[in-house]
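Residue numbers begin at 1 in each chain, while the letters A, B, ... track the order of the sequences.
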Amino acid sequence: MAAAAPRFRFAPSPTGSFHVGGARAALHNWALARRLGGTFVLRIEDTDEARNRPEWVDGIIEALAWIGISADDPHFEGPLFQSAYSGAHVAAAERLFAEGRAYYCDMTGEQVQERARELGVSGYDGHSRERGLGPGPGRVLRFQAPDEGTTVVRDLVRGDVSFDNSTIEDFVLLRGNGTPVFLLANVVDDIEMRITDVVRGEEHLPNTPKQQMLWEALGHVPPRWAHAPVLVNEQRKKLSKRRDKVALEQYREEGYLADAMVNYLMTLGWTPPGAQDGSEIASWAEIEAAFRVEDVTHSPAFFDIKKLNAFNGEYIRRMPLPDFVERAAAELPDDWDRDRFAAIAPHVQQRLVTMRDVPALVDFLFWPEGAVPGAGFDYDDPSWAKSMGPEWAAPLLDDVLGAYAAVDGWHADELKAALEAVMARYEIKLGKAQAPVRVAATGRSVGPPLFESLEVLGRDETLRRLTIARQRLAGDDGEPVRGASAGSGESAGSGDSAGSGESAGNGESAGNGESAGNGESAGSGESAGANPAGDGVSPPSDRTAPD
RNA sequence: GCCCCCAUCGUCUAGUGGCCUAGGACACCACCCUUUCAAGGUGGCGGCACGGGUUCGAAUCCCGUUGGGGGUGCCA
């Protein structure tokens with residue numbers, strides 16, 4: 001008789017944002033369910049009224065879809081709602097009471113603490129076990145845990161973990177108001193949903209012996225357990241919503257690719273095949289085919305954004321060009337010409353960390369008519385002095401102006417040849433000679449390859465900008481002429497102010513060393529006011545680890 | 001306090017008694033390439049927490065120490 005298909009579950013509680021740690025847990029369950037031909041059950045733990053909003057459930061489903069866990073997949077089941085099972089929770093509790101496995105107690109939390117202090121014990125001492133209390137307002141139902149022996153949790157990632165039953169107190173099943181507590185609800189749900197494998201975060205390991213007792217007391221065989229290590233921050237503390245950037249949605253908005261995020265998340269605590277002596281980049285298909293919980297590491301993993309960045313850049317570079325152009329377009333202000341961007345796209349694709357860095361790399365192509373760069377551009381920075389400083393800068397600019405006005409075609413190779421012809425007279429190298437031209441034409445000291453950029457810019461606009469720069473140079477450091485300062489921004493006027501420009505202090509990313517981009521140009525419609533960042537809308541509690 | 005988990009380069013990891021003078025990836029440094037910046041290439045820096053065992057032999061097994069983390073609620 002073939003073993004029944006395994007049933008996994010992912011049980012997040014709805015909050016305003018989706019935790020990366022949760023994403024990893026979901027991915028683990030998903031990979032297993034798919035590889036083993038089982039089912040991934042999504043259960044929404046919505047019992048806490050206070051934190052329950054319908055749109056949050058959509059958020060969970062969307063976040064899952066983003067990382068490839070599609071509700072349309074045949075292996076996907078749900079969403080199911082814990083609240084729909086409240087009847088079963090209470091029924092289970094009553095059954096445990098009827099069978100003498102649980103009893104009522106009228107002590108308040110304070111009283112329990114006080115008594116523990118007097119007796120010198122650590123927790124609840126079983127005070128009401130023999131008092132024969134029945135249900136009533138304010139009375140909690142407690143599970144009568146065994147006093148002796150040990151409970152062994154067979155964990156797929158850690159092996160057998162044993163707990164001394166004497167250290168497990170008679171825990172609460174039903175609150176004073178009759179509602180079930182997490183421990184009970186969770187187990188009953190799993191039983192009801194015929195879950196066979198519980199794969200979750202290590203923070204749940206201490207709860208596991210209690211849950212296992214419940215499974216057995218309720219007459220069922222406990223599931224296979226697997227507790228993956230937690231994700232931690234640089235302080236080696238569990239990633240917390242309060243202090244760390246954990247919202248999956250935020251990474252998505254900042255221009256991280258789902259594939260990169262998924263790949264990276266899976267490398268925390270596990271090594272994809274072939275990574276032992278090569279790249280850790282692996283497709284989901286490869287990951288899914290090879291992932292086994294038994295191979296998951298035992299120790300906590302630091303969620304390292306630097307490494308995530310490396311993965312993301314790698315994935316961006318690997319995108320087919322048309323895909324890249326399409327995806328990048330989403331980061332551009334509406335009034336930026338798509339064809340013009342497409343012309344330079346191949347050169348920006350290999351210079352990115354996140355998709356959000358795109359606008360700042362090409363903004364010079366979209367200055368409004370007659371504009372000259374202003375605040376936020378190197379044009380107005382020390383970079384100007386550095387590029388224009390040499391005494392040969394002015395004459396060279398004059399010569400380039402002349403050469404470019406006369407150049408036959410207007411293609412990168414011709415523009416390069418023309419500049420090389422000019423610079424030969426000054427006995428300088430291309431690396432130096434291009435600097436003043438670059439700053440003059442693009443407003444930045446770094447960016448996509450110069451001649452390709454100029455080709456896209458066009459002859460008229462290039463000459464115009466070189467002329468203006470030349471005049472400024474002559475005017476001895478006078479104020480820059482500002483037709484419309486701040487580049488494209490102001491005139492963009494397409495309503496999408498947004499300002500991706502800020503591009504999150506990516507100073508080190510794609511260039512523009514000094515300034516982190518122009519605050520107001522380059523708005524990426526998407527990011528607009530949204531920026532949920534989780535924190536704002538969700539309860540500050542860290543105790544929301546999906547279970 | 002009590003319970004539980006963990007411990008290989010800065011980080012993520014490979015490693016399950018000899019193949020390890022410990023391998024890869026990210027980061028960092030240098031050089032090469034080069035049209036700035038990237039990318040790419042080459043090389044470098046850098047680790048088995050400590051102390052005892054077991055064994056012919058230990059990063060690998062056992063014990064202890066130390067250090068981290070998680071849990072300890074009428075939260076999930």
Side-chain angles (χ1 to χ4, degrees), chain A residues 11-13 15 45 47-48 50-51 82 105 108-109 112 121-123 138-142 153 155 158 161-164 167-169 171-179 181-183 185-186 201-209 227 229-230 232 234 236-238 264 267-271 274-281 297-304 306-311 313-314 317 347-353 361 387 412 416 419-420 429-435 437-439 442 444-453 509-513 539 541 543-547:
Chain A
S13 48
T15 63
E45 310 248 306
T47 46
D48 189 344
R51 59 160 58 160
Q82 181 167 71
C105 174
T108 64
V112 169
V121 297
S122 69
R139 291 181 178 176
V140 300
L141 181 69
R142 286 180 180 276
V153 171
D155 190 285
R158 288 149 213 287
V161 182
S162 47
F163 297 81
D164 225 327
T167 66
I168 296 175
E169 62 176 35
F171 54 94
V172 172
L173 258 23
L174 252 31
R175 301 189 181 92
N177 64 7
T179 59
V181 114
F182 160 77
L183 237 32
N186 199 253
E202 185 186 9
E203 66 270 26
H204 291 289
L205 188 52
N207 279 331
T208 310
H227 292 90
V230 293
V232 300
E234 44 283 284
R236 300 251 118 211
K237 304 268 195 219
K238 193 172 71 163
Y264 174 62
T267 65
L268 295 177
W270 182 73
T271 308
Q276 300 91 320
D277 47 21
S279 172
E280 288 176 307
I281 302 291
T297 316
H298 296 184
S299 42
F302 169 49
F303 185 83
D304 187 358
K306 279 193 175 173
K307 191 154 183 178
L308 206 213
N309 285 342
F311 271 66
E314 181 75 33
R317 271 173 253 125
H347 298 106
V348 337
Q349 184 175 12
Q350 56 189 315
R351 268 160 256 259
L352 299 168
V353 170
L361 229 44
S387 304
K416 182 184 180 194
L419 177 59
E420 283 173 332
K429 298 221 168 121
L430 189 51
K432 283 194 162 189
Q434 58 93 40
V437 180
R438 176 182 293 281
V439 178
T442 72
R444 298 193 184 286
S445 51
V446 299
L450 180 61
F451 307 109
E452 287 74 1
S453 298
S509 73
N512 74 52
S541 167
R543 311 299 304 281
T544 52
D547 168 77

**Asked** B:C5 phosphate, OP1 or OP2: any side-chain N/O from A:His298 under 4.0 angstrom?
**Response** no

**Request:** Could you check how far NZ of A:Lys429 sits from P of B:U34, rounded to whole Å?
**Result:** 11 Å

**B:C48 and B:U16, which share atom name C1', separated by this distance in whole Å** = 14 Å

**Request:** Return the nearest nucleotide to the side chain of A:Glu45; candidates are B:U11, B:G40, B:A76.
**Result:** B:A76

**Request:** May I ask you to test the A:Phe302-A:Glu234 pair for a side-chain heavy-atom distance under 4.5 Å?
**Result:** yes

**Request:** Just compare B:C37, B:A76, B:G68 and give me whichever is closest to any side-chain atom of A:Val446.
**Result:** B:C37

**Message:** For a quick check, tell me whether the side chain of A:Arg351 and the base of B:U36 share a donor-acceptor pair closer than 3.5 Å.
**Reply:** yes

**Item:** A:Asn207 CG to B:G73 P, straight-line distance once rounded to whole Å
**Value:** 10 Å

**Complete:** RNA chain B nearest-nucleotide lookup for A:Pro449 and A:Phe303: closer to the 5′ end is A:Phe303

**Prompt:** Among B:C5, B:C6, B:U35, which is the nearest nucleotide to the side chain of A:Pro300?
**Reply:** B:C6

**Prompt:** Closest to the A:Gln276 side chain: B:C3, B:A14, B:U35?
**Reply:** B:A14

**Message:** As a test of reading the structure: which of B:C26, B:C6, B:C74 is closest to the side chain of A:Ser299, going by heavy atoms?
**Reply:** B:C6

**Request:** Determine: side-chain N/O of A:Thr271 to OP1/OP2 of B:A14, distance under 4.0 Å, yes or no.
**Result:** yes

**Request:** Would you kindly give the CZ-to-P distance between A:Arg158 and B:G69, to the nearest whole Å?
**Result:** 16 Å

**Asked** To the side chain of A:Glu203, which of B:G71, B:C6, B:C5 is closest?
**Response** B:G71

**Message:** Closest approach to the side chain of A:Gln350, judged atom by atom: which nucleotide of B:U36, B:A39, B:C4 is it?
**Reply:** B:A39

**Prompt:** Does OP1 or OP2 of B:A76 have a side-chain N or O of A:Arg175 closer than 4.0 Å?
**Reply:** yes

**Request:** Check the distance between B:U13's P and A:Trp270's CH2 and give it to me in whole angstrom.
**Result:** 13 Å

**Message:** Heavy atoms from C-beta onward define the side chain here; which of B:A7, B:G40, B:U35 lies closest to that of A:Lys416?
**Reply:** B:U35

**Asked** Roughly how far apart, to the nearest Å, are B:C9 and B:C3 at atom C1'?
**Response** 33 Å

**Item:** Protein-nucleotide distance (A:Arg438, atom CZ; B:U35, atom C1'), rounded to Å
**Value:** 7 Å

**Asked** What distance, rounded to whole Å, do you find between the two P atoms, one in B:G68 and one in B:C29?
**Response** 30 Å

**Request:** Assess whether one donor atom and one acceptor atom, taken from the side chain of A:Lys307 and the base of B:A25, lie less than 3.5 Å apart.
**Result:** yes

**Among B:C26, B:G24, B:C4, the nucleotide that comes nearest once only the side chain of A:Glu280 is considered** = B:G24

**Item:** With A:Phe303 via ring-ring contact (aromatic ring centres under 6.0 Å, His included) - residues at least two apart
**Value:** A:Tyr251, A:Tyr264

**Message:** I need the CD1-P distance between A:Ile281 and B:C26, as an integer number of Å.
**Reply:** 8 Å

**Request:** Looking only at side-chain atoms of A:Lys238, point me to the closest of B:U13, B:G24, B:G71.
**Result:** B:G71

**Asked** 5'-most contact on RNA chain B: A:Leu268 or A:Gln434, nearest heavy atom basis?
**Response** A:Leu268

**Prompt:** Considering only the C1' atoms, how many Å lie between B:C74 and B:G15, rounded to the nearest integer?
**Reply:** 48 Å

**Message:** In whole Å, I'd like the distance from the CZ atom of A:Phe311 to the C1' atom of B:U11.
**Reply:** 12 Å

**Prompt:** Could you give the CZ-to-P distance, from A:Phe302 to B:G69, as a whole number of Å?
**Reply:** 14 Å

**Donor-acceptor side-chain pairing of A:Arg175 and A:Thr179 below 3.5 angstrom** = yes

